[in-house]
Amino acid sequence: MIFYIDTSTPYLYSALYDNGKIINKRTMYLAKDLSRFTIDEVSKMFDEVNVKPLDIKKIIVVNGPGSFTGIRIGITLAKLMAFCLNIPITTISSLEAMKESVNSDNLIVPIINARHNSCYAAIYDNEKIIQEGMYMSLDRLNLILIGLNKEYTFISNDEFDFKTVPYSPDYKKIIEKYKDKEEVSAHLVNPNYMKLTEAEENKLKEEV
Amino acid sequence: MIKEINIDDLDLIKELENNFSFVLKDIVLDMQNNPFSHYVIYREKEKVVGYINYYLMYEKGEIANFNVLDDYQNKGIGNKLIDYVINQLNGKVDNITLEVRCDNDKAIKLYEKKNFIKVSKRVGYYEGVDGILMEKKMNKDIYILGIESSCDETSFSIVKNGCEEIATVISSQIDIHKDYGGVVPEIASRNHVKNVTFVLDECLKKAKMTMDEIDMIAISYGPGLIGSLLVGLETAKTLSWLYHKPLIPVHHIAGHIYANNLVKKMEFPLLALVISGGHTELVYMEKHYSFQKLGGTLDDALGECYDKVGKVINVDYPAGPTVDRLAHIGNVSYQLPMPLNDNSYNFSFSGLKSAVINLVHNEEQKGNSINKEDLCASFQNVVVETLSKKTLKALNEMDIKNFVIAGGVSANKGIREKLKYLCEARGINYTFPDIKYCTDNAAMIATAGYFAYLDGRRADFTLNAESNLELK
């Protein structure tokens with residue numbers, strides 16, 4: 001049994017996977033209430049199909065990028081669960097999860113709004129990574145896309161001035177792709193924020 | 001009036017039959033054939049208005065049936081009946097169990113108040129409605145795992161019965177935040193996530209205990225930095241879910257006050273002077289886990305004021321300990337105003353802070369050098385005077401059995417010396433927390449958690465962190 005969780009955006013995305021099937025899932029818009037309801041909903045998702053935490057043999061958790069506070073909710077839950085049950089964790093980027101859920105011959109550009117005309121984005125051409133996920137300005141992303149000279153599709157649940165295709169996770173596809181990937185022990189799992197804190201950035205500027 | 005009835009009380013059994021739709025024969029048969037079964041009734045004005053039926057089977061107690069007539073509810077009758085049973089079973093049983101419908105909130109609240117905890121769920125037990133099995137442990141030690149992450153310390157601790165520390169681990173980020181001249185919230189949150197399982201692991205190892213041996217989890221859910229609080233809260237909720245342990249919500253400041261119970265059993269009525277980086281207040285406690293704020297700071301917290309004064313004389317963050325040390329070397333020679341010198345229980349430190357900053361700037365402009373030691377001595381003198389004045393007012397006006405100090409600034413030697421002197425001169429019983437538990441730690445949260453538990457406080461999985469939580 002595999003437990004999947006992603007709290008990196010205003011949505012709770014969670015699923016239970018067993019023997020080639022998704023046996024229960026949660027896709028909920030929680031926004032500011034993410035911290036309040038995540039464990040409550042996850043516990044209900046387990047109870048509904050009579051699954052006990054002890055049945056879980058592996059956790060797949062989204063480690064970012066996205067909302068800093070949001071990512072920490074899922075990561076904290078995953079770390080504690082993996083530590084207590086002594087099971088491994090596989091981490092996955094939110095941008096990769098978004099890309100997995102779309103089929104297109106266009107370039108696929110999962111994108112998360114980081115405000116101040118910035119974003120977290122990656123560029124994929126089918127299975128090939130053209131641009132690793134990173135924090136960048138929208139202008140820069142635009143320049144990269146122009147340079148690639150190919151049709152592209154933005155995937156996002158955030159608001160932008162341009163057209164995006166909404167993201168709805170294909171849990172089965174994501175889990176099956178990542179279930180045999182590299183495992184990490186609970187202690188060593190951390191969010192991948194893709195961005196320093198403002199205080200750290202300012203300090204770096206001072207030092208330069 | 002409470003009375004335990006037997007087969008000879010036929011009139012009362014008849015009344016029970018009439019008022020609670022029992023079948024007389026069933027009760028009589030039960031009384032005759034079941035030596036474990038006991039019936040207790042509550043009579044008011046010659047009428048049986050409530051009853052409780054409990055079993056005493058060897059070392060186990062069970063509440064089998066319990067009811068109070070609708071018109072007589074909310075009068076404490078149920079309370080008295082349960083207390084009677086608990087007293088009867090005390091010393092005879094290891095635990096008392098009962099089953100309750102999961103939608104019977106009123107009964108569940110009452111049982112929780114009596115320290116029953118939810119043990120398991122029986123799906124569809126009451127005609128499709130889930131039943132909840134609740135248990136009250138009798139004469140058993142209670143081990144509480146406390147979790148604290150409200151600022152820049154990640155801490156776990158196990159405390160027995162709210163007074164005996166088993167193990168505490170504190171991971172402080174002070175060296176990281178020093179470089180920024182104060183705690184950076186986002187950096188603090190990131191480090192909490194990084195450390196959380198390491199600190200829990202170390203705490204359990206130090207205690208030589210497993211999570212299964214923990215009875216409940218106490219979480220400091222506010223006030224504090226929201227991002228930091230959330231890491232501890234998600235940890236607490238996850239552990240509560242994984243191990244079916246009750247979740248006890250603890251106010252961070254209640255924790256600071258209860259650090260004193262690890263030194264000496266607190267006595268009531270109690271007066272607490274809370275002085276920390278975020279708080280400055282006088283709190284009156286009539287009994288355990290009852291808080292009444294008498295007054296507090298109208299602007300800066302005392303710890304904040306120390307940090308700002310430290311900054312103007314180039315003392316590294318956190319400045320409190322250094323300013324305290326310098327104050328002990330120096331003499332009171334600079335004139336500073338006595339802040340909010342009024343008749344209230346409130347404090348104000350922003351005026352004092354500004355006065356120190358202005359004084360330093362003026363002297364610098366005149367080309368005079370500042371004697372740091374003397375300035376610290378003068379500043380701390382005013383702080384100690386204003387704290388003493390308001391504390392004394394409370395001690396004089398109220399009947400206080402125990403005076404305590406709490407919070408990070410309560411480690412300050414100058415403040416301790418003066419308050420100790422004040423209390424000793426008046427024969428007031430005082431307690432100061434261990435220096436290591438003045439700053440944030442989970443031992444104080446686990447300790448307060450025990451008394452919050454006795455007070456019937458519980459939280460479910462929807463508990464949220466609150467950065468501006470009131471002490472209630």
Side-chain angles (χ1 to χ4, degrees), chain A residues 5 7 30 32-48 50 52-54 56 59 63-64 67-87 89 185-193 195-203 206-207, chain B residues 121 123 130 147 149 154 156 176-177 179-202 204 210-212 214 217 221 225-245 247 459-466:
Chain A
I5 181 150
T7 57
L30 290 174
K32 291 262 176 271
D33 282 330
L34 203 55
S35 68
R36 184 153 177 208
F37 290 116
T38 294
I39 306 251
D40 197 43
E41 287 302 329
V42 165
S43 71
K44 284 179 191 156
M45 179 180 81
F46 275 67
D47 288 349
E48 282 162 9
N50 206 15
K52 304 268 170 286
L54 272 173
I56 302 299
I59 301 168
N63 66 349
S67 143
F68 297 163
T69 302
I71 304 166
R72 282 192 284 268
I73 291 168
I75 292 278
T76 305
L77 166 57
K79 280 180 79 141
L80 264 296
M81 202 169 160
F83 168 70
C84 292
L85 306 175
N86 197 19
I87 53 172
I89 295 180
S185 92
H187 285 323
L188 302 177
V189 170
N190 271 302
N192 180 9
Y193 299 103
K195 190 176 180 298
L196 289 175
T197 62
E198 264 180 56
E200 287 166 310
E201 279 171 357
N202 293 339
K203 195 157 162 269
E206 277 171 31
E207 284 166 10
Chain B
K121 192 154 66 177
V123 180
D130 293 350
I147 304 177
S149 71
T154 319
F156 287 80
I176 299 168
H177 297 281
D179 289 350
Y180 300 92
V183 175
V184 181
E186 178 59 24
I187 296 181
S189 306
R190 291 184 177 195
N191 282 286
H192 283 306
V193 178
K194 208 183 260 178
N195 298 336
V196 66
T197 52
F198 286 111
V199 183
L200 170 61
D201 195 13
E202 203 183 319
L204 290 169
T210 63
M211 275 306 298
D212 291 312
I214 302 292
I217 294 155
Y221 74 113
L225 302 171
I226 192 74
S228 290
L229 287 166
L230 283 175
V231 177
L233 180 72
E234 290 307 313
T235 302
K237 291 205 278 190
T238 305
L239 292 173
S240 168
W241 170 50
L242 294 178
Y243 294 98
H244 305 283
K245 306 293 181 189
L247 191 60
D460 62 19
F461 295 152
T462 61
L463 181 69
N464 210 353
E466 291 182 45

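Note that the structure is a prediction, hence the values are computed from the model and not measured. Per chain, numbering begins at 1; letters A, B, ... match sequence-line order. Heavy-atom basis, side chains included; hydrogens, waters and symmetry copies ignored.
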Heavy-atom proximity to chain A below 4.5 Å, by part of [X]:
X	result
B/V196	side chain
B/L239	side chain
B/D201	both
B/V184	side chain
B/Y180	side chain

**Study point:** Which atoms of A/K203 approach chain B - backbone, side chain, both or neither, heavy atom under 4.5 Å
**Key:** side chain

Rounded to the nearest 0.5 Å, how far does [atom2] of [Y] lie from [atom1] of [X]?
X	Y	atom1	atom2	answer
B/T235	A/L77	OG1	CG	9.5 Å
B/E234	A/L80	CD	CG	9.5 Å
B/L230	A/S35	CG	OG	4.5 Å
A/L196	B/E186	CG	CD	10.5 Å
A/D33	B/N464	CG	CG	7.0 Å
B/T197	A/M81	OG1	CE	14.5 Å

Exercise for review: Give me the ring orientation class for A/H187 and B/F198: parallel if the planes are under 30° apart, tilted from 30 to 60°, perpendicular past 60°.
Suggested key: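 Judged by the thresholds at 30° and 60°, the geometry between A/H187 and B/F198 is parallel.
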
Study note, to complete from the structure: Heavy atoms of A/K79 and B/K194 approach each other most closely as NZ-O, 3.7 Å

Revision key, fill the gap. Shortest non-hydrogen pair, A/A199 vs B/I187, comes out as CB-CD1, 4.3 Å

Exercise for review: Tell me, out of B/D460, B/V123, B/V231, who's got the most heavy-atom pairs with chain A below 4.5 Å.
Suggested key: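 Sorted descending by pairs with chain A, the first entry is B/V231.
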
Study note, to complete from the structure: From the list B/D179, B/L463, B/L204, B/L233, the residue making the most non-hydrogen contacts under 4.5 Å with chain A is B/D179

Check your understanding: If only atom types and distance count, is the side chain of B/K237 paired as donor or acceptor with the main-chain N or O of A/T38 below 3.5 Å?
Key ->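 A pair under 3.5 Å: no.
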
Point to revise | Choice from A/L54, A/I71, A/I73, A/T69 maximising heavy atom contacts with chain B below 4.5 Å | key: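 Most heavy-atom pairs under 4.5 Å with chain B: A/I73.
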
